[in-house]
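One structure is given here, and the rest of the page talks about it.
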Amino acid sequence: MMRGMRRPAAILMTVIVCAPASAQRTSHERMVELLAERAVAAEQDNPFFGRRRASDLDAALQKAGAAALWQTRFDAGMAALRLGDERRGIGILQEAHDLLRDGALKADHAAIVGTCFQLGVAYLRLGETENCCARHNEDSCILPIAGGGLHDRKEGSTKAIACLLEVLNNTDRDDYWHHAARWLLNIAHMTLGTWPDGVPAAERLPATAFAAQTKFPRFFNVAPKVGLDTFGTAGGVAIDDFDGDGVLDVVVSDWAPRGQVRFFRRGADGRFEDRTVDAGLTGITGGLNVVHADYDNDGDLDLLVLRGAWWFEHGRLPCSLLQNDGRGRFTDVTFDAGLGERQFPTQVGAFADYDNDGDLDLFVGAESSARIRCASQLWRNEGNGKFVDVAAAAGVTNDAYCKGATWGDVDGDRWPDLFVSNFDGDNRLYRNRRDGTFEDVAAKAGVTGPRAAFGTWFWDFDDDGVLDLFVANYDTTIAHLASDLVGGSLRHDTLRIYRGDGKGGFEDVAKRFGLVQAAMPMGCNFGDLDNDGWLDFYLGTGDPEYASLMPNLMFRNAEGRGFEDVTISGGFGHLQKGHGVAFADLDDDGDLDVFEVVGGAYPGDAYHDMLYENPGFGNGHVVVRLVGTDSVRCAIGAQIRVVARAGAATRTIRRHVNTGGSFGSSPLRQTIGLGGADRIERIEIFWPKTGKTQVVEGVPIGASIVVTEGVDGFVNVPRSPRPFTSR
């Protein structure tokens, strides 16, 4: 019942012909008008935001009166709750619960348990709204909940506890709903400051579940202090220097039909200013994901907003290709570029120069299902501002429910290959044949799983010069989480860490590294948190269900030999729904902070975005921005090798230039941690289009440099750290 919610583009002879008004509209105007029109329809019929269903259920409830069946009452209560009318939703569910308890309403045992469980969840959400949302602070919803995260208004959690205890008393100990209720019971007590003693011993989760697993400094949420705590539903993020002033900007989306894409620029006082209007983005709305790249090779970074994900037939919306004028002002050129007529649900966009011709092409992964059949698209860049869909000819239509995509050269032939993660189906690894076509070698390479895949990326986690592959698994819940903690029998799949062999083959090492815990990642990304030269990763977790209050997760790379869970010690265990994630040095102090768009799928599950400030680790770093000339201007696909020395020891640290994960877009300039190195011997840049390696020497540790393809030396870029806080 409840779990099923997740499943699942002239003048002639002096005779002047006046074009109709519609033809005179610019591409930008067409998009703004179309989005406004679609928003009106979505407010009625959208599966997450539409009000028609709730209205129809209310009418049916009123008409039936006391004779209303359980299903009508339950559905009406859930619909009100999801639209944010918590008190009404609670009232309907409470009445249904009381009638079931007294025998005045007939339903089977599963319905009785489900009603009580969802009533408890509704009360929990009330507690979140009245506390975590209304008085948001750096401790809110961070596991383990303490300090400012404790609830002052206690009604929600108190009444939730009563419902959850009732579920526990009426289910078997290893039942799915028992495990789910046990998890939420412990969380509810934590919000009141009564954990662990307030939890019955038989239902108390082990203290190790909420204890630091390894020593790691705390990252505090500074979003409220710097103006980045935007409140909204699920969305994406892209961080880079979009206006050319050398300082990173932040672009966030909100997948609500009227959710405004917003542009934030850092001000002189260190706070971020909302410059959406100045950026020309007014009316550019919606989008579960945002990615960025210089698609037109003009030296500035453009944006792509992906829309319609999870909405099936209601998701027939165009993406937005937003062209930057170099000053951080954007124009929607989707229709002019040829991308606007074919409209299918998607959240997946990935740029690469797949044909090695010096400009960026684009893969857009469609969500094909029984409800809407649609092929993914491979848009070949024609170099004149236009794109042509060549997916069918190239053999990459996928024809599955795509939730992630990433490009990388897995076999070392200089031509980027494409990995596509699919939900409820085999993943694809499309090997580039170098003739404009691809071959799916996923089965041969051993990367078809997991079958409920989500976010994905190529990276070199063990720094051996060969690309590895991360694939998230999206088939676990809070019940699996609790079951794992108490040795229950619920089984689930796990994420994948595929180690590459450099020849196109992979080995899954996730279980060897102990990465077997229940996690349901949506937004996720990677970066070097402690500047030790090894790439760490963060998982934003959850699903549309209000009950899915599971901690977001951070893992530190243990020098390529495994990963340490630093979620609790680092303060990353946020319980709200995590979406777009980016690693970026937003205060220009030489280390990577972590930004996360936080908020659920329904209007009533909105939340504040997060910015985790890096406290610093004392390790060296260098910042490298590449400018292509023969190659793509923003250098996506290029490789950087930093040869550093610590005393007599030499070490090579490698980076592949991209924006990171497939749900969240990090800066293309690379902040490269050097660990304890005392000097940089040289930096090597490999340009895959030409196959040439460029060598740069004389770069000091801590420098921020620009290297241009084919030009000797580097340009030093002065930086001034802008601290977020005085902590």
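Here the structure is a predicted model, which means the values were calculated and not measured. Numbers here simply count residues along the sequence, with the first being 1.
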Exercise. Determine, for Asp56 against Arg53, whether the closest basic-nitrogen to carboxylate-oxygen distance falls under 4.0 angstrom.
Key: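 Between Arg53 and Asp56 there is no salt bridge, as every charged N stays at least 4.0 Å from the carboxylate O atoms.
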Self-check item: NZ/NE/NH1/NH2 to OD/OE distance under 4.0 Å, Arg451 and Asp493
Solution: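 No, Arg451 and Asp493 are not salt-bridged.
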Quiz item: Hey, what's the ring geometry for Tyr607 with His574, parallel, tilted or perpendicular (30° and 60° as the breaks)?
Solution: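 Answer is perpendicular, since the angle exceeds 60°.
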Self-check item: Residues, nucleotides or ligands: over 12 heavy atoms within 6.0 Å of Arg153 CZ
Solution: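 It does not: Arg153 CZ has 12 such atoms or fewer within range.
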Where is the tightest heavy-atom contact between [X] and [Y], given as atom of each residue plus distance?
{"X": "Ala518", "Y": "Asp484", "answer": "N-OD2, 3.5 Å"}
{"X": "Leu69", "Y": "Leu105", "answer": "C-CD1, 4.2 Å"}
{"X": "Phe663", "Y": "Gly236", "answer": "CE2-CA, 4.5 Å"}
{"X": "Gly114", "Y": "Phe74", "answer": "O-CE1, 4.0 Å"}
{"X": "Val291", "Y": "Ser665", "answer": "CA-OG, 3.7 Å"}
{"X": "Arg82", "Y": "Tyr602", "answer": "O-CB, 3.2 Å"}

Sidechain-backbone polar pair: [X] side chain, [Y] backbone, donor-acceptor under 3.5 Å:
{"X": "Asn525", "Y": "Gly664", "result": "yes"}
{"X": "Ser320", "Y": "Leu322", "result": "no"}
{"X": "Glu29", "Y": "Thr26", "result": "yes"}

Quiz item: Is it true that Phe423 and Phe454 have ring centroids separated by less than 6.0 Å?
Solution: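 Judged by ring-centre distance (under 6.0 Å), Phe423 and Phe454 do not meet the cut-off.
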Quiz item: Centroid-to-centroid, Trp255 to Trp310, below 6.0 Å?
Solution: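 Distance test on ring centres: not under 6.0 Å, no.
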Quiz item: With Asp254, which of Thr233, Thr230, Thr285 fulfils side chain to side chain donor-acceptor pair (under 3.5 Å)?
Solution: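 It is Thr233; the other options fail the test.
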